Undergrad: 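I'd like to ask some things about the structure below.
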Amino acid sequence: FSFRRSIDESVLEELEDILIGADIGVKPVQRLIKKIKEAWKSKTLTETSQINDFIKGILKEDLQSWQIDIHYARKSPTVIMVVGVNGVGKTTAIAKLANFLIKDGKKVMVAAGDTFRAAATDQLEIWSKRIGAEIVKHQTGSDPAAVAYDALEASISRGIDVLIVDTAGRLHTHENLMNELSKIKRVISKKIPDAPHEVLLVLDATTGQNAISQAKVFKQAVDVTGIFLAKLDGTAKGGIVLGMRSEINIPVKFIGLGETADDIEKFNPDAFVNALFE
Amino acid sequence: SITNSLEGVFSKLRGKGRLTESNIKDGLHEVRLALLEADVNYKVVKDFIQHVTERAVGEEVIKSIAPGQQVIKIVHDELIKLMGESDTAIPFMEGDQTLIMLVGLQGSGKTTTAGKLAKTILSKGRKPLLVAADVQRPAAIEQLKVLGQQLNIPVYFEENSQPVKICKNAVKYARESTNDVVIFDTAGRLHIDDDLMFELKEIKQKLEPHQIYFVCDAMTGQDAVNSAKEFDAQLGFDGVILTKLDGDTRGGAALSIRAVTGKPIKFVGIGEKLDRLEEFHPDRMASRILG
Ligand SMILES: Nc1nc2c(ncn2[C@@H]2O[C@H](COP(=O)(O)OP(=O)(O)OP(=O)(O)O)[C@@H](O)[C@H]2O)c(=O)[nH]1
Ligand SMILES: Nc1nc2c(ncn2[C@@H]2O[C@H](COP(=O)(O)OP(=O)(O)OP(=O)(O)O)[C@@H](O)[C@H]2O)c(=O)[nH]1
Ligand SMILES: [Mg+2]
Ligand SMILES: [Mg+2]
């Protein structure tokens with residue numbers, strides 16, 4: 001009799017594998033499995049064929065609370081600061097975001113705030129020329145806060161709608177580098193009281209549980225307001241952005257789907273959750 | 001040390017005289033959680049736990065007077081075995097150029113690692129040549145040139161050219177000058193990008209590099225097995241270089257990649273500066289993974 005049977009453990013194990021394989025994290029996945037068992041007991045769930053949709057429903061429902069729109073300034077320029085660990089895709093994300101805004105009719109400037117890494121300014125400059133964004137840059141080795149300051153001045157005087165500030169990649173475990181980032185933010189806020197209006201943390205979709213530590217430390221240092229999830233065109237699912245919610249809740253605002261300036265999309269919770277099961 | 005980390009995991013078992021099979025399985029459940037939270041791939045964890053369980057619930061443990069210690073020793077030994085022997089030598093060719101090719105996903109640290117490897121090789125008394133074979137990323141060539149300048153190591157590059165041609169001409173150039181090691185820095189690419197994977201196979205076929213190293217970011221999660229497996233199956237690599245280990249990632253990708261490809265991790269990147277490259281120590285990594 002179906003009302004006496006308990007849930008098929010192999011079905012649960014298969015689901016666990018999919019969700020853990022998506023980098024959601026073993027403890028959050030265990031909590032989801034527990035919800036399934038409770039729903040089964042209370043007869044909310046009666047068929048194993050309903051299980052995947054049940055989980056998708058929980059995850060999608062959960063993401064409804066995410067504020068995904070860009071927080072624009074009341075008075076231009078809107079200032080967006082982009083941060084994250086090394087090599088995740090910050091500079092490319094900036095090119096994509098700038099392009100996205102330019103196609104939407106906005107006047108965009110980028111600030112070459114990575115004054116440390118070899119050819120970092122050259123890289124952003126090539127992008128800015130390709131997409132038609134203005135750029136403010138200094139010499140290698142100069143103070144990134146000074147670049148940000150000059151870019152703010154230039155944005156104000158040139159009637160820029162959105163200024164996007166690039167920063168050097170840095171591991172969150174390097175305290176002096178995190179202090180440098182906080183200083184850049186302070187300099188921006190001093191010049192324009194509500195700025196930066198958006199602080200985007202770029203996460204690489206291939207990153208595992210370390211993304212949680214990254215999010216916490218960057219949030220502490222510069223009050224991250226959104227995540228740009230890059231490299232979702234690979235085989236990694238980026239499930240860590242869901243898994244981290246119980247520890248730190250930051251909405252994903254954009255996803256990166258490739259290496260050209262057009263490979264950006266606004267975050268879509270339904271599409272994201274469905275893709276976890278593909 | 002691993003034993004310390006394992007004792008933490010097995011703290012519930014310590015002091016228990018006799019253990020039941022269910023005590024042991026509970027302890028191994030904790031090991032499973034620790035490995036998954038360290039980003040070891042779930043399939044690799046399953047195989048490992050199954051293998052360890054078979055040994056741990058055997059007679060040797062149940063009848064032992066210190067069963068907790070026995071289980072700890074089994075987990076320790078099996079983890080070390082899985083992590084593999086240390087194999088950090090670069091087999092240089094004598095009397096001919098040694099060709100080394102760096103490959104991997106976007107942003108993993110190839111260009112920086114090329115510089116670090118060149119610096120290490122220079123310190124061994126050899127004369128490396130860096131080759132800028134990434135023609136796709138904006139300012140990639142410039143990035144490698146800057147690193148070469150910092151190291152006083154020559155960089156071979158061509159504007160408006162193609163990777164296979166650049167690599168071929170670089171080897172010609174190396175033969176004509178006195179460079180005995182050539183390091184090809186390639187563009188980052190996805191293992192599922194057929195065209196770009198084909199490009200790597202073409203470079204391999206035409207240039208026959210002696211060493212191909214897969215450069216992988218140590219914070220990679222479950223996906224590490226997908227990319228490593230595919231790069232090894234399609235291209236084949238001789239070793240792995242794990243980067244950004246100066247962070248606080250547990251680095252389970254190291255175990256996953258080793259388990260799935262059998263290839264050794266040769267070096268680890270532990271910082272952005274060009275002297276931040278070290279030989280890989282399997283026991284230290286195993287200890288870090290177990291937290
Ligand atoms: N496939 C894919 N590649 C991407 C994506 N975003 C960025 N990349 C690639 O990832 C690599 C690193 O991108 P960057 O923009 O330089 O990353 P970054 O965070 O600015 O790096 P640092 O400044 O050195 O810390 C480049 O090869 C990019 O083309 C994406 O969404 N998909
Ligand atoms: N902290 C730290 N940063 C590193 C390490 N190795 C590389 N990086 C940084 O990681 C970022 C990416 O390095 P790249 O050398 O540009 O990576 P790549 O693989 O060549 O990137 P693509 O060519 O775009 O695929 C840069 O900011 C480097 O400085 C490391 O071991 N530790
Ligand atoms: Mg950058
Ligand atoms: Mg590179």
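We name chains A, B, ... by the order of the sequence lines, and we start the count at 1 in each one. Model, not experiment: these values are computed from the prediction.
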Undergrad: Quick check for you: to the nearest 0.5 Å, what is the distance between B/Asp39 atom CG and A/Ile240 atom CD1?
TA: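 Between atom CG of B/Asp39 and atom CD1 of A/Ile240 there are 7.5 Å.
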Undergrad: Just checking B/Lys263: does its NZ atom have more than 12 heavy atoms from other residues, nucleotides or ligands closer to it than 6.0 angstrom?
TA: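 Above 12, so yes.
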Undergrad: Side chain from CB out, backbone as N, CA, C, O: work out which of these in B/Ile192 comes under 4.5 Å of a heavy atom of chain A, or both, or neither.
TA: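 Side chain of B/Ile192 only, per the 4.5 Å heavy-atom cut-off to chain A.
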Undergrad: Can you tell me how far CD of A/Glu259 sits from CG of B/Leu196, rounded to the nearest 0.5 angstrom?
TA: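 It comes to 8.0 Å.
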Undergrad: Could you tell me whether B/Lys201 atom NZ has more than 12 heavy atoms of other residues or ligands within 6.0 Å of it?
TA: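 Result for NZ/B/Lys201: enclosed.
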Undergrad: Can you check side chain to side chain contact (heavy atoms under 4.5 Å, CB included) on A/Asp233 and B/Gln106, steps first, answer last?
TA: CA-CA 11 Å; A/Asp233 49 316; B/Gln106 290 90 346; 5.6 Å; no
Undergrad: Any idea which of B/Gln150, B/Gln222, B/Arg250, B/Lys145 has the most non-hydrogen atom pairs under 4.5 angstrom with chain A?
TA: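 Option with the top pair count is B/Gln222.
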Undergrad: Is B/Leu105 in contact with chain A via its backbone, its side chain, both, or neither, using a 4.5 Å heavy-atom distance?
TA: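 It is the side chain, since no backbone atom gets that close.
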Undergrad: Could you walk me through whether B/Lys43 and A/Asp17 satisfy the side chain to side chain contact (heavy atoms under 4.5 Å, CB included) test, starting with their C-alpha distance in whole Å, then the side-chain angles of each, then the deciding distance to 0.1 Å, before giving a yes or no?
TA: CA-CA 8 Å; B/Lys43 291 196 210 96; A/Asp17 289 348; over 6 Å; no
Undergrad: So which part of B/Asn226 gets closer than 4.5 Å to some heavy atom of chain A, the side chain, the backbone, both or neither?
TA: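 For B/Asn226, side-chain heavy atoms alone lie under 4.5 Å from chain A.
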Undergrad: Below 4.5 Å from any heavy atom of chain A, which atoms of B/Lys46 appear? Answer side chain, backbone, both or neither.
TA: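 For B/Lys46, the side chain is the part near chain A, not the backbone.
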Undergrad: Apply side chain to side chain contact (heavy atoms under 4.5 Å, CB included) to B/Glu37 and A/Lys27, showing your working.
TA: CA-CA 9 Å; B/Glu37 290 192 315; A/Lys27 293 217 168 88; 3.2 Å; yes
Undergrad: Select one option (side chain, backbone, both, neither) describing which atoms of B/Glu272 are under 4.5 Å from chain A's heavy atoms.
TA: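 Only the side chain of B/Glu272 comes within 4.5 Å of chain A.
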Undergrad: Checking A/Gln123 against B/Arg137 for the side chain to side chain contact (heavy atoms under 4.5 Å, CB included) test, could you report, in this order, the C-alpha distance in whole Å, the side-chain angles of both residues, the deciding distance, and whether it holds?
TA: CA-CA 8 Å; A/Gln123 183 185 5; B/Arg137 167 175 156 153; 3.4 Å; yes
Undergrad: For A/Ser213, which atoms come within 4.5 Å of any heavy atom of chain B: side chain, backbone, both, or neither?
TA: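 Just the side chain, heavy atoms under 4.5 Å.
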Undergrad: Measuring from B/Tyr42:OH to A/Leu19:CG, what's the distance to the nearest 0.5 Å?
TA: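 So the gap between those two atoms works out to 10.5 Å.
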Undergrad: I need the contact set between residues 126-142 of chain A and chain B: heavy-atom distance under 4.5 Å, sorted by residue number.
TA: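 Checking residues 126-142 of chain A against chain B gives A/Ile126, A/Trp127, A/Arg130.
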Undergrad: Tell me whether A/Lys183 at atom NZ has more than 12 heavy atoms from other residues, nucleotides or ligands lying less than 6.0 Å away.
TA: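 Count not over threshold, so no.
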Undergrad: In terms of heavy-atom pairs under 4.5 Å with chain A, which of B/Ala140, B/Pro138, B/Ala224 leads?
TA: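 The option with the most such pairs is B/Pro138.
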Undergrad: With chain B, which of A/Ala211, A/Ala119, A/Gly239 has the greatest number of heavy-atom pairs at distances under 4.5 Å?
TA: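 Looking at each of A/Ala211, A/Ala119, A/Gly239 in turn, A/Ala119 comes out on top.
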Undergrad: Counting neighbours of CZ on B/Arg284 that are heavy atoms of other residues, nucleotides or ligands and sit closer than 6.0 Å, is the number greater than 12?
TA: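 Atom CZ in B/Arg284 is not packed in, count stays at 12 or less.
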Undergrad: Rounded at 0.5 Å granularity, tell me how far CG in A/Asn86 sits from CG in B/Asp246.
TA: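 Between atom CG of A/Asn86 and atom CG of B/Asp246 there are 7.5 Å.
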Undergrad: Which one, B/Ile141, B/Val146, B/Leu190, leads in non-hydrogen pairs under 4.5 Å with chain A?
TA: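 Answer, by heavy-atom pair count under 4.5 Å with chain A: B/Leu190.
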Undergrad: Evaluate whether atom CD of B/Gln234 has more than 12 neighbouring non-hydrogen atoms of other residues, nucleotides or ligands under 6.0 angstrom away.
TA: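 Atom CD in B/Gln234 is packed in, count exceeds 12.
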Undergrad: Mind listing the closest non-hydrogen atom pair of B/Leu147 and A/Ala118 along with its distance?
TA: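 The answer is CD2-CB, 4.0 Å.
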Undergrad: At what distance, to the nearest 0.5 angstrom, does OG1 of A/Thr207 lie from CE of B/Met219?
TA: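 Atom-to-atom, A/Thr207:OG1 and B/Met219:CE are 4.0 Å apart.
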Undergrad: Should we say atom CG of A/Asn176 is surrounded by more than 12 heavy atoms from elsewhere, each under 6.0 Å from it?
TA: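 Yes.
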Undergrad: Knowing that exactly one of A/Asn210, A/Val217, A/Leu171 qualifies, which makes a side-chain contact (heavy atoms from CB on, under 4.5 Å) with B/Asp248?
TA: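 When A/Asn210, A/Val217, A/Leu171 are each tested with B/Asp248, the side-chain contact (heavy atoms from CB on, under 4.5 Å) holds only for A/Asn210.
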Undergrad: Chain A heavy atoms under 4.5 Å from B/Arg32: which part of the residue, side chain, backbone, both or neither?
TA: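 Only the side chain of B/Arg32 comes within 4.5 Å of chain A.
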Undergrad: Just so I understand: if I count every heavy-atom pair under 4.5 Å between each of A/Thr91, A/Ile20, A/Asp122 and chain B, which residue has the most?
TA: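 So the answer, after comparing A/Thr91, A/Ile20, A/Asp122, is A/Ile20.
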Undergrad: I'd like to know whether CD of B/Glu202 has more than 12 heavy-atom contacts from other residues, nucleotides or ligands below 6.0 angstrom.
TA: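 Yes, enclosed.
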Undergrad: Tell me, side chain or backbone of A/Gln214 under 4.5 Å from chain B's heavy atoms, or both, or neither?
TA: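 When you check distances to chain B, only side chain atoms of A/Gln214 fall under 4.5 Å.
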Undergrad: So does B/Gln136 have more than 12 non-hydrogen atoms from other groups sitting under 6.0 Å from CD?
TA: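 Correct, the count exceeds 12.
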Undergrad: With heavy-atom distances below 4.5 Å as the criterion, would you say the side chains of B/Glu230 and A/Thr235 are in contact?
TA: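 A side-chain contact is absent here, since even the closest heavy-atom pair is not under 4.5 Å.
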